[in-house]
Amino acid sequence: MTFKELGLSEKVLKAVTAAGYTEPTPIQAQAIPEVLARRDVMGIAQTGTGKTAAFTLPMISLSEKGRARARMPRTLILEPTRELAAQVEENFEKYAVNHKLSVALLIGGVSFEDQMRKLDRGADVLIATPGRLLDLFERGRILMTGVEILVIDEADRMLDMGFIPDIERIVKMVPFTRQTLFFSATMPPEIERLADQFLQNPVQVQVAAAATTAKTVEQKLVKAPKKDQDKRAKLRDVIDSQDNISNAIIFCNRKKDVATLHRSLMKRNYSVGSLHGDMDQTSRMKTLAGFRDNEIKFLVASDVAARGLDIPDVSHVFNFDVPIHAEDYVHRIGRCGRAGRDGWAFSLVTPADDRYLDAILKLTGDDLEWFNGEPVEADKPDTDGKPTRQRRASSAKSADKTEDKSASQAEKKPRRTRSSRKHEEPQDAVPQVEKTTAKKAEKPAEEKRRNNRKRGRDEDQDNGKTPKGMGDHMPAFLMQSTRDKG
Ligand code: AMP
């Protein structure tokens, strides 16, 4: 399959060649002809699959007909984070070099003035995070009635970040006759419901299931002490034992640990930068550029800050913490071993992480080995020094049972579920269980919406507190994302 066969315009094909692409990726081969045929598309694909070009390339081709009018964007792309929005803008710059497209980026953390000036002149493409878009809409600075193509990208992330009410509102503002392209890495039931609501007779395109890790990534578990200081020392030991690191992302579950680990590594003269939700936009972009240009070798990051970032050629991923949501493990590991390249992933596992590890093993079906053959405390009963797949599978099963038994409890006690959501997320993010009871809440709709928006804008707020009343031993089902359940 060649790009030429997909039906893209000559000008776009020239830009693709200039970008050095010889062949469309599977998601591009499937989606591009459908977008060009004006079909609605539901794409199940993660970043790293070439998904951005799968929608930007045909959008550029289609935009060759017609012109933008002041304050009336012709196409709208919704992204959950500023980085992703900026990345999509970069894609437009690259693929629309032969076009006179006006692209406006509406993201928080940068001045309104420039953004509004661009809009006033007329934007062919508007790339926005939901909060900033609604702000400008409410100020009467933007009209959505000219939107011909709507892209909702990273829908599952939008759900995680509490953006769904905003998205539903935005969708109501754009014409019913629009073409809609909807992308998500995973398809939990809530996302399926939204896709049903937003898309008309969509064609579904899908690449690799979200629960799979790339075969080119060698994954290792590292026995780690619980105490933070010792854990950091362990991480350095593992890093120093590897002589093939070209660059690496180190993931932490909590924002405050991102900052501490960053400081600690810097003090020891590692080439390090960090990404978390509290940084201003300029520092984030500077750090990312430094990492892409190999000026920074280690990037310490939180999930929300790093999700979906287009960082090619990452050789290593280190999980300083085992992620609480198994899905995040897949996303983190997906940062290396891209496009058939080799990658290495090390996860520091403390005895308290056993249940999360079980969930990861269950989701991925991968057989993970211990670095230097070290088991964690909880695995000690296995005398051969290596925990067996069976042992972990059986403990995963018992976790299942706990979940089943507790499911009805969770429904009855949505508040507890809510407060025990992933550390990284806003404290009051609304999981699905909560949504089913949302009608009972006493807040007026408008106030709820505002709160949701604030949540989204705050991105990965984390006050670092352990959820009240739970102590260290939170039941596993309460730490699971409710959207994982079918
Ligand atoms: P994405 O999934 O959109 O984040 O893209 C991941 C990376 O793949 C980006 O660095 C793109 O520039 C690159 N890419 C996209 N399409 C192709 C292609 N057809 N051939 C080679 N690289 C590509």
Side-chain angles (χ1 to χ4, degrees), residues 1-9 12-33 35-36 41-61 77-97 103 125 127 151-157 181-186 205-210 212-214 216-217 246-247 249 275 288-289 291-294 299 301 303 305-315 317 330-341 343:
M1 173 72 75
T2 62
F3 274 104
K4 209 168 177 153
E5 291 168 68
L6 301 179
L8 293 164
S9 75
V12 173
L13 288 175
K14 250 169 88 182
V16 166
T17 310
Y21 304 163
T22 49
E23 242 188 290
T25 64
I27 191 82
Q28 291 164 2
Q30 291 176 60
I32 291 173
V35 180
L36 289 172
V41 172
M42 181 165 93
I44 305 171
Q46 302 179 26
T47 42
T49 55
K51 144 176 93 80
T52 319
F55 61 84
T56 49
L57 295 177
M59 282 173 81
I60 297 167
S61 261
I77 300 171
L78 296 172
E79 293 289 337
T81 66
R82 304 171 229 177
E83 279 79 14
L84 282 167
Q87 230 165 256
V88 173
E89 188 197 28
E90 279 168 25
N91 272 256
F92 271 99
E93 271 170 24
K94 185 158 65 173
Y95 305 136
V97 282
V103 180
V125 181
I127 307 161
V151 180
I152 300 168
D153 196 18
E154 302 264 333
D156 52 354
R157 202 61 184 166
L181 315 176
F182 185 96
F183 290 90
S184 191
T186 56
V205 297
Q206 179 165 11
V207 293
T212 54
T213 49
T216 49
V217 180
S246 53
N247 57 358
I249 306 183
L275 268 192
L288 261 182
F291 191 60
R292 279 206 200 101
D293 298 343
N294 291 322
L299 183 68
D303 287 291
R307 173 107 163 199
L309 294 180
D310 176 18
I311 306 164
D313 292 314
V314 176
S315 68
V317 165
V330 180
H331 282 283
R332 290 179 182 187
I333 301 304
R335 306 284 96 209
C336 65
R338 292 168 128 194
R341 283 187 284 261

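Both counts, for ligands and for their atoms, begin at 1 and track the order of listing. For reference, positions follow the sequence shown, starting with 1.
- Nearest heavy-atom pair, Q30 versus V207, reported as atom, atom and distance to 0.1 Å: NE2-CG1, 3.9 Å.
- A heavy-atom distance below 4.5 Å is found between the side chains of L13 and K4.
- For ligand 1, the polar-atom distance check finds an N/O of K51 within less than 3.5 Å of one of the ligand's N/O atoms.
- Close approach of ligand 1 to G50 (heavy-atom distance below 4.0 Å) involves ligand atoms 1 (P), 2 (O), 3 (O), 5 (O), 15 (C).
- Proximity of Y95 to V12: side-chain heavy atoms (C-beta onward) are nowhere separated by under 4.5 Å.
- Annotation: side chain of L8 is in contact with side chain of L36 (closest heavy-atom distance under 4.5 Å).
- Contacts of E23 with ligand 1, taken as heavy-atom pairs under 4.0 Å, involve the backbone alone.
- Considering L6, L181, V205 as possible partners of V35, the one that fulfils the side chain to side chain contact (heavy atoms under 4.5 Å, CB included) test is L181.
- Residues meeting the ring pair (Phe, Tyr, Trp, His ring centres under 6.0 Å) test with F55, sequence neighbours left out: F183.
- Every atom of ligand 1 is numbered from 1 in the order shown, and the set under 4.0 Å from a heavy atom of F3 is 19 (N).
- Within ligand 1, the atoms closer than 4.0 Å to a non-hydrogen atom of T52 are 1 (P), 3 (O), 4 (O), numbered from 1 in the order shown.
- If you number the atoms of ligand 1 from 1 as listed, the ones under 4.0 Å from a heavy atom of T25 come out as 17 (C), 18 (C), 19 (N).
- If you look at E90 next to ligand 1, there are no close heavy atoms at all, none under 4.0 Å.
- Polar contact check, T22 against ligand 1: no nitrogen or oxygen pair lies under 3.5 Å apart.
- At least one heavy atom of K94 sits closer than 4.0 Å to an atom of ligand 1.
- Using a 4.5 Å heavy-atom threshold, the side chains of M59 and V151 count as touching.
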